Amino acid sequence: MRSPKDFFAPLAVGAPEPLRQIPVPPSRMIHFFDPSNEKMAAKVPDLAKKVDVLLGNLEDAVRADRKEAARNGLVAIAKATDFGKTQLWTRVNSLDSPWVLDDLITLVTEIGDKLDVIMVPKVEGAQDIHYVDRLLAQLEARAGLTKPLLVHAILETASGVVNVEEIAGASPRMQGISLGPADLAASRRMKTTRVGGGHPGYLVRTDPTGEDLNAGRTTYQQDLWHYTVARMVDACAANGILPYYGPFGDIRDVVACEDQFRNAFLLGCVGAWSLHPVQIDIAKKVFSPAPEDVAWARRVIAAMGDGTGAVMIDGKMQDDASVKQCRVVAELADALAADDPELAAAYDAATKEASA
Ligand SMILES: CC(=O)SCCNC(=O)CCNC(=O)[C@H](O)C(C)(C)COP(=O)(O)OP(=O)(O)OC[C@H]1O[C@@H](n2cnc3c(N)ncnc32)[C@H](O)[C@@H]1OP(=O)(O)O
Ligand SMILES: CC(=O)C(=O)O
Ligand SMILES: [Mg+2]
(Lines give C-alpha, C1' and ligand atoms only; values in the text may rest on other atoms or scores of the structure.)
(Ligands and ions follow the chains in the order given, each with its own letter.)
Protein backbone atom coordinates (compact mmCIF):
# COMPACT_ATOMS: atom_id res chain seq x y z
CA MET A 1 0.00 0.00 0.00
CA ARG A 2 1.17 3.52 -0.72
CA SER A 3 1.45 5.79 2.29
CA PRO A 4 -1.31 8.41 2.61
CA LYS A 5 1.31 11.07 1.76
CA ASP A 6 1.99 9.44 -1.64
CA PHE A 7 -1.57 8.58 -2.49
CA PHE A 8 -2.02 11.43 -4.96
CA ALA A 9 1.44 11.22 -6.53
CA PRO A 10 1.52 10.08 -10.20
CA LEU A 11 2.63 6.44 -10.55
CA ALA A 12 4.90 7.10 -13.54
CA VAL A 13 7.20 9.96 -14.46
CA GLY A 14 5.27 12.28 -16.77
CA ALA A 15 1.82 10.89 -15.95
CA PRO A 16 -0.89 13.45 -15.10
CA GLU A 17 -1.64 14.30 -11.46
CA PRO A 18 -4.45 12.14 -10.05
CA LEU A 19 -7.70 13.98 -9.33
CA ARG A 20 -8.53 14.83 -5.70
CA GLN A 21 -12.28 14.78 -6.30
CA ILE A 22 -14.17 12.43 -8.59
CA PRO A 23 -16.19 14.48 -11.12
CA VAL A 24 -19.93 13.85 -10.95
CA PRO A 25 -21.47 14.70 -14.31
CA PRO A 26 -24.82 12.95 -14.90
CA SER A 27 -24.36 9.19 -15.33
CA ARG A 28 -27.91 7.90 -14.96
CA MET A 29 -27.42 5.33 -17.70
CA ILE A 30 -24.22 3.69 -18.90
CA HIS A 31 -25.29 2.60 -22.36
CA PHE A 32 -23.48 -0.51 -23.61
CA PHE A 33 -22.72 -1.08 -27.28
CA ASP A 34 -20.55 -3.57 -29.12
CA PRO A 35 -18.20 -1.53 -31.31
CA SER A 36 -17.79 -4.49 -33.68
CA ASN A 37 -21.53 -4.57 -34.38
CA GLU A 38 -22.11 -2.33 -37.38
CA LYS A 39 -25.78 -1.72 -36.62
CA MET A 40 -25.02 -0.62 -33.05
CA ALA A 41 -22.00 1.43 -34.12
CA ALA A 42 -24.15 3.30 -36.65
CA LYS A 43 -26.45 4.42 -33.82
CA VAL A 44 -23.66 5.91 -31.68
CA PRO A 45 -23.88 9.54 -32.96
CA ASP A 46 -27.62 9.63 -32.23
CA LEU A 47 -27.29 7.79 -28.92
CA ALA A 48 -24.63 10.29 -27.85
CA LYS A 49 -27.35 12.97 -27.88
CA LYS A 50 -29.61 11.12 -25.46
CA VAL A 51 -27.48 9.16 -22.99
CA ASP A 52 -25.21 10.34 -20.18
CA VAL A 53 -22.54 7.68 -20.76
CA LEU A 54 -21.73 5.62 -23.86
CA LEU A 55 -19.66 2.53 -23.17
CA GLY A 56 -17.82 0.60 -25.85
CA ASN A 57 -17.89 -2.95 -24.52
CA LEU A 58 -14.96 -5.24 -25.31
CA GLU A 59 -15.61 -7.97 -22.71
CA ASP A 60 -18.46 -10.46 -22.23
CA ALA A 61 -21.15 -10.35 -24.96
CA VAL A 62 -18.42 -9.77 -27.56
CA ARG A 63 -17.47 -13.03 -29.24
CA ALA A 64 -13.85 -14.19 -28.90
CA ASP A 65 -13.30 -13.91 -32.65
CA ARG A 66 -14.63 -10.30 -32.60
CA LYS A 67 -12.41 -8.96 -29.77
CA GLU A 68 -9.95 -7.24 -32.09
CA ALA A 69 -12.72 -5.89 -34.29
CA ALA A 70 -14.43 -4.45 -31.19
CA ARG A 71 -11.21 -2.80 -29.96
CA ASN A 72 -10.41 -1.32 -33.38
CA GLY A 73 -14.04 -0.35 -33.87
CA LEU A 74 -14.03 1.62 -30.64
CA VAL A 75 -10.88 3.47 -31.70
CA ALA A 76 -12.47 4.40 -35.03
CA ILE A 77 -15.77 5.47 -33.42
CA ALA A 78 -14.04 7.57 -30.76
CA LYS A 79 -11.93 9.37 -33.35
CA ALA A 80 -14.88 10.04 -35.66
CA THR A 81 -17.53 11.09 -33.15
CA ASP A 82 -18.24 14.36 -31.37
CA PHE A 83 -19.65 13.17 -28.03
CA GLY A 84 -20.50 16.65 -26.75
CA LYS A 85 -20.98 16.45 -22.99
CA THR A 86 -21.66 12.71 -23.11
CA GLN A 87 -18.94 10.67 -21.45
CA LEU A 88 -17.16 7.87 -23.32
CA TRP A 89 -16.27 4.81 -21.28
CA THR A 90 -15.01 1.39 -22.18
CA ARG A 91 -15.21 -2.03 -20.53
CA VAL A 92 -11.93 -3.82 -21.22
CA ASN A 93 -11.48 -7.57 -21.03
CA SER A 94 -10.78 -9.16 -17.66
CA LEU A 95 -7.28 -9.10 -16.22
CA ASP A 96 -6.83 -12.87 -16.68
CA SER A 97 -7.73 -12.74 -20.38
CA PRO A 98 -5.36 -12.75 -23.37
CA TRP A 99 -6.87 -9.48 -24.66
CA VAL A 100 -6.68 -6.96 -21.82
CA LEU A 101 -3.08 -5.86 -22.28
CA ASP A 102 -3.68 -4.97 -25.93
CA ASP A 103 -7.01 -3.34 -24.97
CA LEU A 104 -5.29 -0.98 -22.54
CA ILE A 105 -2.24 -0.25 -24.68
CA THR A 106 -4.29 0.44 -27.80
CA LEU A 107 -7.06 2.46 -26.19
CA VAL A 108 -4.89 4.69 -24.02
CA THR A 109 -2.43 5.30 -26.85
CA GLU A 110 -5.00 5.92 -29.57
CA ILE A 111 -7.97 7.51 -27.82
CA GLY A 112 -6.82 8.17 -24.24
CA ASP A 113 -7.76 11.84 -24.68
CA LYS A 114 -11.36 10.92 -25.57
CA LEU A 115 -11.98 8.29 -22.90
CA ASP A 116 -13.22 9.25 -19.45
CA VAL A 117 -13.47 5.97 -17.57
CA ILE A 118 -12.11 2.44 -17.98
CA MET A 119 -14.37 -0.23 -16.52
CA VAL A 120 -12.48 -3.24 -15.19
CA PRO A 121 -14.44 -6.50 -14.87
CA LYS A 122 -14.12 -9.27 -12.29
CA VAL A 123 -12.09 -7.22 -9.81
CA GLU A 124 -11.14 -9.43 -6.85
CA GLY A 125 -9.25 -7.04 -4.61
CA ALA A 126 -7.11 -3.90 -4.40
CA GLN A 127 -4.24 -5.71 -6.16
CA ASP A 128 -6.21 -5.68 -9.43
CA ILE A 129 -6.76 -1.92 -9.20
CA HIS A 130 -3.07 -1.34 -8.33
CA TYR A 131 -2.02 -3.26 -11.44
CA VAL A 132 -4.28 -1.22 -13.72
CA ASP A 133 -3.36 2.02 -11.92
CA ARG A 134 0.37 1.66 -12.58
CA LEU A 135 -0.07 0.47 -16.14
CA LEU A 136 -2.38 3.38 -16.95
CA ALA A 137 0.15 5.84 -15.51
CA GLN A 138 2.89 4.41 -17.73
CA LEU A 139 0.67 4.53 -20.81
CA GLU A 140 -0.63 8.04 -20.04
CA ALA A 141 2.94 9.31 -19.66
CA ARG A 142 3.98 7.73 -22.95
CA ALA A 143 0.92 9.12 -24.75
CA GLY A 144 1.43 12.60 -23.25
CA LEU A 145 -2.05 12.69 -21.74
CA THR A 146 -2.85 15.62 -19.48
CA LYS A 147 -6.04 14.27 -17.90
CA PRO A 148 -5.90 11.06 -15.84
CA LEU A 149 -8.16 8.19 -16.86
CA LEU A 150 -10.54 7.05 -14.17
CA VAL A 151 -11.24 3.44 -13.22
CA HIS A 152 -14.58 1.76 -12.52
CA ALA A 153 -14.72 -1.73 -11.02
CA ILE A 154 -17.43 -4.34 -11.55
CA LEU A 155 -18.42 -6.09 -8.35
CA GLU A 156 -18.99 -9.57 -9.71
CA THR A 157 -16.90 -12.05 -7.74
CA ALA A 158 -17.33 -13.33 -4.21
CA SER A 159 -13.80 -12.09 -3.41
CA GLY A 160 -14.67 -8.69 -4.82
CA VAL A 161 -17.63 -8.40 -2.45
CA VAL A 162 -15.49 -9.49 0.53
CA ASN A 163 -12.90 -6.82 -0.45
CA VAL A 164 -15.24 -4.10 -1.71
CA GLU A 165 -14.11 -1.47 0.80
CA GLU A 166 -10.43 -1.82 -0.13
CA ILE A 167 -11.31 -1.84 -3.85
CA ALA A 168 -13.25 1.42 -3.47
CA GLY A 169 -10.26 3.10 -1.82
CA ALA A 170 -7.47 1.45 -3.81
CA SER A 171 -6.57 4.41 -6.04
CA PRO A 172 -7.43 8.06 -6.60
CA ARG A 173 -8.50 6.89 -10.07
CA MET A 174 -11.45 4.96 -8.62
CA GLN A 175 -14.59 6.59 -10.07
CA GLY A 176 -17.21 4.03 -9.07
CA ILE A 177 -18.40 0.46 -8.81
CA SER A 178 -21.23 -1.40 -10.59
CA LEU A 179 -22.99 -4.52 -9.41
CA GLY A 180 -22.41 -7.40 -11.84
CA PRO A 181 -25.22 -9.77 -10.84
CA ALA A 182 -24.65 -12.42 -13.53
CA ASP A 183 -20.99 -13.23 -12.89
CA LEU A 184 -21.50 -12.67 -9.18
CA ALA A 185 -24.25 -15.28 -9.11
CA ALA A 186 -21.94 -17.77 -10.86
CA SER A 187 -19.00 -16.93 -8.59
CA ARG A 188 -21.14 -17.42 -5.48
CA ARG A 189 -22.65 -20.62 -6.90
CA MET A 190 -26.11 -19.13 -6.61
CA LYS A 191 -28.72 -21.28 -8.36
CA THR A 192 -30.14 -18.59 -10.62
CA THR A 193 -29.87 -18.51 -14.42
CA ARG A 194 -30.64 -14.83 -15.06
CA VAL A 195 -28.86 -11.50 -15.65
CA GLY A 196 -29.98 -9.44 -12.64
CA GLY A 197 -33.51 -8.96 -11.39
CA GLY A 198 -35.40 -11.09 -8.89
CA HIS A 199 -36.40 -14.72 -8.68
CA PRO A 200 -39.88 -16.01 -7.78
CA GLY A 201 -38.36 -18.76 -5.59
CA TYR A 202 -36.60 -16.30 -3.29
CA LEU A 203 -39.43 -15.38 -0.96
CA VAL A 204 -40.88 -15.19 2.54
CA ARG A 205 -44.29 -16.57 3.50
CA THR A 206 -46.76 -15.45 6.14
CA ASP A 207 -47.43 -17.82 9.09
CA PRO A 208 -50.01 -20.62 8.74
CA THR A 209 -53.52 -19.64 9.78
CA GLY A 210 -54.75 -23.17 10.70
CA GLU A 211 -54.11 -26.84 10.12
CA ASP A 212 -53.87 -26.47 6.35
CA LEU A 213 -50.30 -25.28 5.75
CA ASN A 214 -51.17 -24.20 2.21
CA ALA A 215 -54.25 -22.11 3.00
CA GLY A 216 -54.28 -18.32 3.15
CA ARG A 217 -50.55 -17.76 3.21
CA THR A 218 -49.30 -14.84 1.19
CA THR A 219 -45.75 -14.94 -0.19
CA TYR A 220 -43.55 -11.94 -0.93
CA GLN A 221 -40.70 -12.10 -3.39
CA GLN A 222 -37.48 -10.75 -1.89
CA ASP A 223 -34.62 -8.82 -3.45
CA LEU A 224 -31.63 -11.08 -4.17
CA TRP A 225 -29.32 -8.07 -4.51
CA HIS A 226 -30.20 -5.98 -1.48
CA TYR A 227 -27.22 -7.02 0.64
CA THR A 228 -24.66 -6.54 -2.11
CA VAL A 229 -26.03 -3.23 -3.37
CA ALA A 230 -26.22 -1.83 0.17
CA ARG A 231 -22.65 -2.92 0.88
CA MET A 232 -21.42 -1.46 -2.39
CA VAL A 233 -23.19 1.85 -1.71
CA ASP A 234 -21.54 2.15 1.71
CA ALA A 235 -18.10 1.29 0.32
CA CYS A 236 -18.51 3.89 -2.42
CA ALA A 237 -19.94 6.65 -0.23
CA ALA A 238 -17.21 6.12 2.37
CA ASN A 239 -14.58 6.60 -0.34
CA GLY A 240 -16.16 9.47 -2.30
CA ILE A 241 -16.91 7.40 -5.41
CA LEU A 242 -20.15 6.47 -7.20
CA PRO A 243 -22.25 3.26 -6.98
CA TYR A 244 -24.29 1.88 -9.89
CA TYR A 245 -26.70 -0.98 -10.41
CA GLY A 246 -25.51 -3.03 -13.42
CA PRO A 247 -27.50 -4.88 -16.09
CA PHE A 248 -31.11 -6.05 -16.20
CA GLY A 249 -31.13 -8.84 -18.77
CA ASP A 250 -34.87 -9.30 -19.38
CA ILE A 251 -35.11 -6.57 -21.99
CA ARG A 252 -38.81 -7.26 -22.60
CA ASP A 253 -39.76 -6.78 -18.93
CA VAL A 254 -39.55 -3.00 -18.75
CA VAL A 255 -41.74 -2.99 -15.63
CA ALA A 256 -39.44 -5.10 -13.44
CA CYS A 257 -36.42 -3.31 -14.89
CA GLU A 258 -37.85 -0.03 -13.63
CA ASP A 259 -38.45 -1.58 -10.18
CA GLN A 260 -34.87 -2.91 -9.97
CA PHE A 261 -33.44 0.44 -11.05
CA ARG A 262 -35.63 2.30 -8.54
CA ASN A 263 -34.57 0.09 -5.65
CA ALA A 264 -30.97 0.91 -6.52
CA PHE A 265 -31.74 4.65 -6.83
CA LEU A 266 -33.46 4.73 -3.44
CA LEU A 267 -30.54 2.89 -1.83
CA GLY A 268 -28.03 5.45 -3.16
CA CYS A 269 -26.97 4.37 -6.66
CA VAL A 270 -26.53 7.14 -9.24
CA GLY A 271 -27.28 5.08 -12.34
CA ALA A 272 -27.61 1.69 -14.03
CA TRP A 273 -26.58 0.06 -17.29
CA SER A 274 -28.75 0.15 -20.39
CA LEU A 275 -28.17 -2.87 -22.60
CA HIS A 276 -30.82 -2.02 -25.17
CA PRO A 277 -32.21 1.34 -26.34
CA VAL A 278 -35.52 0.57 -24.58
CA GLN A 279 -33.78 0.79 -21.19
CA ILE A 280 -32.37 4.29 -21.72
CA ASP A 281 -35.56 6.18 -20.88
CA ILE A 282 -36.25 3.90 -17.91
CA ALA A 283 -32.90 4.82 -16.37
CA LYS A 284 -33.40 8.51 -17.17
CA LYS A 285 -36.79 8.52 -15.49
CA VAL A 286 -35.73 6.54 -12.42
CA PHE A 287 -32.38 8.22 -11.73
CA SER A 288 -33.77 11.76 -12.11
CA PRO A 289 -35.56 12.67 -8.86
CA ALA A 290 -39.34 12.86 -9.27
CA PRO A 291 -40.69 16.46 -9.56
CA GLU A 292 -42.89 16.06 -6.45
CA ASP A 293 -39.88 14.89 -4.40
CA VAL A 294 -37.85 17.86 -5.63
CA ALA A 295 -40.69 20.24 -4.74
CA TRP A 296 -40.89 18.74 -1.26
CA ALA A 297 -37.12 18.88 -0.79
CA ARG A 298 -37.02 22.54 -1.81
CA ARG A 299 -39.88 23.30 0.59
CA VAL A 300 -38.08 21.67 3.52
CA ILE A 301 -34.81 23.45 2.69
CA ALA A 302 -36.59 26.82 2.54
CA ALA A 303 -38.42 26.18 5.82
CA MET A 304 -35.28 25.04 7.62
CA GLY A 305 -33.35 28.30 7.08
CA ASP A 306 -29.78 27.69 8.27
CA GLY A 307 -30.50 23.95 8.49
CA THR A 308 -30.63 23.68 12.29
CA GLY A 309 -33.51 23.23 14.70
CA ALA A 310 -36.83 21.48 14.12
CA VAL A 311 -39.99 22.49 12.24
CA MET A 312 -43.25 20.76 11.39
CA ILE A 313 -44.35 20.59 7.73
CA ASP A 314 -47.66 18.87 6.88
CA GLY A 315 -47.51 17.00 10.17
CA LYS A 316 -43.96 15.74 9.63
CA MET A 317 -41.00 16.70 11.81
CA GLN A 318 -38.00 18.11 9.94
CA ASP A 319 -34.56 18.71 11.43
CA ASP A 320 -30.88 18.83 10.51
CA ALA A 321 -30.90 15.21 9.27
CA SER A 322 -33.97 15.47 7.06
CA VAL A 323 -32.76 18.73 5.50
CA LYS A 324 -29.50 16.97 4.59
CA GLN A 325 -31.47 14.28 2.73
CA CYS A 326 -33.49 17.00 1.02
CA ARG A 327 -30.27 18.70 -0.09
CA VAL A 328 -29.08 15.46 -1.72
CA VAL A 329 -32.30 15.32 -3.76
CA ALA A 330 -32.43 19.06 -4.55
CA GLU A 331 -28.74 19.28 -5.52
CA LEU A 332 -29.04 16.28 -7.83
CA ALA A 333 -32.14 17.82 -9.39
CA ASP A 334 -30.37 21.17 -9.93
CA ALA A 335 -27.35 19.46 -11.50
CA LEU A 336 -29.50 17.44 -13.91
CA ALA A 337 -31.80 20.38 -14.70
CA ALA A 338 -28.82 22.59 -15.61
CA ASP A 339 -28.49 20.66 -18.90
CA ASP A 340 -32.11 19.66 -19.40
CA PRO A 341 -34.66 22.47 -19.88
CA GLU A 342 -37.59 19.99 -19.87
CA LEU A 343 -36.57 18.59 -16.49
CA ALA A 344 -35.93 22.11 -15.17
CA ALA A 345 -39.46 23.16 -16.20
CA ALA A 346 -41.00 20.05 -14.56
CA TYR A 347 -39.13 20.75 -11.30
CA ASP A 348 -40.11 24.43 -11.30
CA ALA A 349 -43.77 23.65 -12.08
CA ALA A 350 -43.98 21.12 -9.24
CA THR A 351 -42.26 23.56 -6.85
CA LYS A 352 -44.71 26.32 -7.79
CA GLU A 353 -47.69 24.00 -7.34
CA ALA A 354 -46.46 22.81 -3.94
CA SER A 355 -46.04 26.37 -2.65
CA ALA A 356 -49.40 27.62 -4.05
C1 LIG B 1 -23.76 -9.56 -17.92
C2 LIG B 1 -23.17 -8.48 -18.76
O3 LIG B 1 -21.98 -8.42 -18.95
S4 LIG B 1 -24.24 -7.28 -19.39
C5 LIG B 1 -23.24 -6.37 -20.50
C6 LIG B 1 -22.89 -7.09 -21.77
N7 LIG B 1 -24.03 -7.23 -22.66
C8 LIG B 1 -24.27 -6.30 -23.59
O9 LIG B 1 -23.55 -5.34 -23.74
C10 LIG B 1 -25.49 -6.53 -24.44
C11 LIG B 1 -25.79 -5.33 -25.32
N12 LIG B 1 -27.01 -5.49 -26.02
C13 LIG B 1 -27.15 -6.37 -27.05
O14 LIG B 1 -26.22 -7.05 -27.45
C15 LIG B 1 -28.50 -6.42 -27.74
O16 LIG B 1 -29.33 -5.39 -27.27
C17 LIG B 1 -29.27 -7.76 -27.56
C18 LIG B 1 -28.47 -8.95 -28.10
C19 LIG B 1 -29.61 -7.97 -26.10
C20 LIG B 1 -30.59 -7.65 -28.35
O21 LIG B 1 -30.26 -7.26 -29.66
P22 LIG B 1 -31.33 -7.41 -30.83
O23 LIG B 1 -31.83 -8.81 -30.86
O24 LIG B 1 -30.72 -6.86 -32.09
O25 LIG B 1 -32.49 -6.47 -30.29
P26 LIG B 1 -33.58 -5.70 -31.13
O27 LIG B 1 -33.94 -6.45 -32.38
O28 LIG B 1 -34.69 -5.38 -30.20
O29 LIG B 1 -32.83 -4.35 -31.52
C30 LIG B 1 -33.51 -3.29 -32.13
C31 LIG B 1 -32.49 -2.36 -32.74
O32 LIG B 1 -31.70 -1.77 -31.69
C33 LIG B 1 -30.32 -2.04 -31.92
N34 LIG B 1 -29.70 -2.27 -30.62
C35 LIG B 1 -29.92 -3.28 -29.76
N36 LIG B 1 -29.15 -3.12 -28.66
C37 LIG B 1 -28.44 -1.99 -28.84
C38 LIG B 1 -27.48 -1.33 -28.06
N39 LIG B 1 -27.09 -1.79 -26.88
N40 LIG B 1 -26.98 -0.17 -28.56
C41 LIG B 1 -27.35 0.30 -29.75
N42 LIG B 1 -28.24 -0.29 -30.55
C43 LIG B 1 -28.79 -1.44 -30.10
C44 LIG B 1 -30.31 -3.28 -32.79
O45 LIG B 1 -29.10 -3.35 -33.53
C46 LIG B 1 -31.51 -3.05 -33.68
O47 LIG B 1 -31.14 -2.15 -34.69
P48 LIG B 1 -31.94 -2.06 -36.10
O49 LIG B 1 -33.30 -1.50 -35.77
O50 LIG B 1 -31.12 -1.14 -36.93
O51 LIG B 1 -32.03 -3.46 -36.63
C1 LIG C 1 -22.45 -6.88 -15.21
C2 LIG C 1 -21.76 -8.12 -15.45
O3 LIG C 1 -20.75 -8.17 -16.08
C4 LIG C 1 -22.35 -9.29 -14.84
O5 LIG C 1 -23.46 -9.20 -14.31
O6 LIG C 1 -21.70 -10.32 -14.92
MG1 LIG D 1 -19.77 -9.99 -15.87
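Note that ligands are numbered from 1 as they come in the structure, with each ligand's atoms numbered from 1 the same way. Since the structure is predicted, the reported quantities are computational estimates derived from the model, not experimental observations.
Salt bridge present: Asp65 and Arg63 bring a charged side-chain N and a carboxylate O closer than 4.0 Å. A salt bridge links Lys122 with Asp60: the closest approach of a Lys/Arg side-chain nitrogen to an acidic carboxylate oxygen falls below 4.0 angstrom. With respect to Glu38 and Lys43, no salt bridge is recorded, no charged nitrogen being found less than 4.0 Å from a carboxylate O.
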Start with the C-alpha distance between Arg298 and Asp348, add both sets of side-chain angles, then the distance that settles salt bridge (charged side-chain N to carboxylate O under 4.0 Å, His left out), and finish with yes or no. CA-CA 10 Å; Arg298 287 176 175 171; Asp348 290 345; 3.2 Å; yes

Go through it in stages, so that I can follow the logic: the residues are Ile30 and Ser274, the test is side chain to side chain contact (heavy atoms under 4.5 Å, CB included), and I'd like the CA-CA distance, side-chain angles, deciding distance and then a yes or no. CA-CA 6 Å; Ile30 303 169; Ser274 55; over 6 Å; no

Apply the test side chain to side chain donor-acceptor pair (under 3.5 Å) to residues Ser322 and Gln318: give CA-CA distance (whole Å), side-chain angles for both, the deciding distance (0.1 Å), then the verdict. CA-CA 6 Å; Ser322 60; Gln318 310 298 328; 2.9 Å; yes

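Only the side chain of Leu47 comes within 4.0 Å of ligand 1, judged by heavy-atom distances. Contact annotation: for Asn57 versus ligand 1, heavy atoms closer than 4.0 Å belong to the side chain alone. Counting heavy atoms under 4.0 Å from ligand 2, residue Met119 does not touch it at all. Residue contacts with ligand 2 for Pro181 involve both N, CA, C or O and side-chain atoms from C-beta outward (heavy atoms, distance under 4.0 Å).
Using a 4.0 Å cut-off to heavy atoms of Ala61, the atoms of ligand 1 that qualify are 6 (C), 7 (N), 8 (C). The Pro247 neighbourhood of ligand 1 comprises atoms 4 (S), with distances under 4.0 Å to a heavy atom of that residue. Near Asp183, with a cut-off below 4.0 Å to any heavy atom, the atoms of ligand 2 are 4 (C), 5 (O), 6 (O). Taking every non-hydrogen atom of Leu275 and a distance limit under 4.0 Å, the qualifying atoms of ligand 1 come out as 4 (S), 5 (C), 11 (C), 12 (N), 13 (C), 16 (O), 36 (N), 38 (C), 39 (N). Those atoms of ligand 1 with a heavy atom of Arg91 less than 4.0 angstrom away are 3 (O), 5 (C), 6 (C). Residue contact check: Pro247 has heavy atoms under 4.0 Å from atoms 1 (C), 5 (O) of ligand 2. The contact set between ligand 2 and Glu156, taken as ligand atoms under 4.0 Å from a residue heavy atom, comprises 2 (C), 3 (O), 4 (C), 6 (O). Heavy-atom contacts of Asp60 reach the following atoms of ligand 1: 6 (C) (cutoff under 4.0 Å).
In this structure, atom 34 (N) of ligand 1 lies nearest to the protein heavy atom Pro277 CD, 3.8 Å. Protein heavy atom nearest atom 13 (C) of ligand 1, with residue, atom name and distance: Met40 CE, 3.4 Å. Looking from atom 51 (O) of ligand 1 to the surrounding protein, the closest heavy atom is Lys39 NZ, 2.9 Å. The protein heavy atom nearest to atom 26 (P) of ligand 1 is His276 NE2, 3.5 Å. Scanning all protein heavy atoms for the shortest distance to atom 19 (C) of ligand 1 gives Ile251 CG1, 4.5 Å.
For Gln222 (side chain) and Tyr220 (main-chain N/O), a donor-acceptor pair under 3.5 Å exists by modelled atom type. Listed for the Arg194 side chain is a donor-acceptor partner under 3.5 Å among the backbone atoms of Gly198. In terms of modelled atom types and a separation under 3.5 Å, the side chain of Arg217 and the main chain of Leu213 share a donor-acceptor contact. At distances below 3.5 Å, not a single donor-acceptor pair connects side-chain atoms of Ser171 with backbone N or O atoms of Asp133.
Considering backbone and side-chain atoms alike, Ala182 places an N or O below 3.5 Å from some N or O of ligand 2. For Trp273, no nitrogen or oxygen atom sits less than 3.5 Å from a nitrogen or oxygen atom of ligand 2, counting backbone and side chain alike. Not a single N or O atom of Val195, backbone or side chain, sits closer than 3.5 Å to an N or O atom of ligand 2. Where the criterion is an N or O separation shorter than 3.5 Å, residue side chain and backbone included, Phe32 meets it with respect to ligand 1.
Checking atom 24 (O) of ligand 1 against the protein gives no heavy-atom contact under 4.0 Å. Within the 4.0 Å cut-off (strictly below), a protein heavy atom is located near atom 9 (O) of ligand 1. Distance check for atom 6 (C) of ligand 1: a protein heavy atom is found below 4.0 Å. There is a protein heavy atom less than 4.0 angstrom from atom 37 (C) of ligand 1. At a distance under 4.0 Å, no protein heavy atom can be found next to atom 21 (O) of ligand 1.
Heavy atoms of Lys122 come nearer than 4.0 angstrom to ligand 2 in no pair at all. For the ligand labelled ligand 2, residue Gly246 lies outside the 4.0 Å heavy-atom shell. For the ligand labelled ligand 1, residue His31 lies inside the 4.0 Å heavy-atom shell.
Looking at Lys43, Glu156, Gln279, it is Lys43 that brings a heavy atom closest to atom 31 (C) of ligand 1.
At least one cation-pi condition fails for Arg91 and Phe32: the charged atom is not both under 6.0 angstrom from the six-membered ring centre and inside a 45 degree cone around its axis.
We find the NZ-OG distance between Lys67 and Ser36 to be 9.0 Å, quoted to the nearest 0.5 Å. Distance OG/Ser178 to CD1/Ile154: 6.5 Å, rounded to 0.5 Å. Note: Ile22 CD1 to His152 NE2 = 11.5 Å, rounded to the nearest 0.5 Å.
Protein N/O/S atoms found under 2.8 Å from the Mg ion (ligand 3), listed by chain and residue number: Glu156 OE1, Asp183 OD2.
Considering all non-hydrogen atoms of both residues, Glu124 and Ile167 come closest at C-CD1, 4.1 Å. Between Trp225 and Met190, the closest heavy-atom pair is CH2-CE, 3.6 Å. Closest heavy-atom contact between Val323 and Gly307: CG1-O, 3.8 Å.
Side-chain contact, His199 with Thr192: no donor N or O sits under 3.5 Å from an acceptor N or O.
By the 30° and 60° cut-offs, the orientation of the rings of Phe261 relative to Phe287 is tilted.
Pairs of residues two or more places apart, or lying in two chains, never qualify as ring-ring contact (aromatic ring centres under 6.0 Å, His included) while including a residue from residues 159-196.
Across Asp52, Asp339, Asp116, a single residue satisfies salt bridge (charged side-chain N to carboxylate O under 4.0 Å, His left out) together with Lys85, and that is Asp339.
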